[in-house]
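Working notes, structure below.
For clarity, every value in this text was computed on a predicted model and none was experimentally measured. Worth knowing before you read on, the calculation uses all heavy atoms, side chains too, and leaves out hydrogens, waters and symmetry mates.
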Amino acid sequence: GMALAGAALAACNDPGIRGTTGVIAVEANEVAQCRFITNISVEPPLYGPFAAQGTRYARNQVLDEAKRAGANRAVFERVEPGVPALQIRARAYAC
């Protein structure tokens with residue numbers, strides 16, 4: 001009982017699951033006047049039939065890392081449709 005409650009609470013606090021506020025994904029042309037902060041790369045934790053969930057989780061993790069680095073915008077690298085994303089990469093900016 002208690003372990004299950006702890007796991008559920010941990011999941012609620014996981015930015016990969018709950019998402020992050022304060023950082024938005026934008027296109028490269030939208031950060032021309034912004035200050036570059038850092039490059040971020042996250043490996044999706046799930047593949048195969050769960051690849052979409054793994055990619056969404058990794059994107060949320062990238063946004064959270066960007067926020068912790070002081071950014072409020074992230075420009076994600078394009079992922080080829082139908083090709084498994086082994087890394088989700090973005091450039092973080094403060095605008």
### R89 to F76, cation-pi by 6.0 Å centre distance and 45° axis angle
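Not satisfied by the 6.0 Å and 45° rule.
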
### Message
For the residue pair R91 and F36, would you count it as a cation-pi contact if the rule is NZ or CZ under 6.0 angstrom from the ring centre and within 45 degrees of the ring axis?
### Response
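The answer is yes, since R91 meets both limits relative to F36.
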
Which pair of heavy atoms, one from [X] and one from [Y], lies closest together, and at what distance?
{"X": "A58", "Y": "I88", "result": "CB-CG1, 3.5 Å"}
{"X": "A69", "Y": "I37", "result": "O-CG2, 3.4 Å"}
{"X": "V62", "Y": "I40", "result": "O-CD1, 3.7 Å"}
{"X": "A71", "Y": "A92", "result": "CB-CB, 3.6 Å"}
{"X": "G54", "Y": "P44", "result": "O-CB, 3.6 Å"}
{"X": "T20", "Y": "L63", "result": "CG2-O, 4.1 Å"}

### Message
Is there a path of hydrophobic side-chain contacts, each under 4.5 Å between heavy atoms, that joins I24 and V75?
### Response
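Result: yes, single cluster for both.
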
### Query
In terms of hydrophobic clusters joined by side-chain contacts under 4.5 Å, are V23 and V42 together?
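Same cluster.
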
### Message
By the side chain to side chain donor-acceptor pair (under 3.5 Å) test, which pairs, at least two apart or in different chains, include something from residues 68-88?
### Response
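Output for this query lists E27-R78, S41-Q87, D64-R68.
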
### Query
Hey, what do you get for CG (L46) to CZ (R56), rounding to the nearest 0.5 Å?
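That separation rounds to 10.0 Å.
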
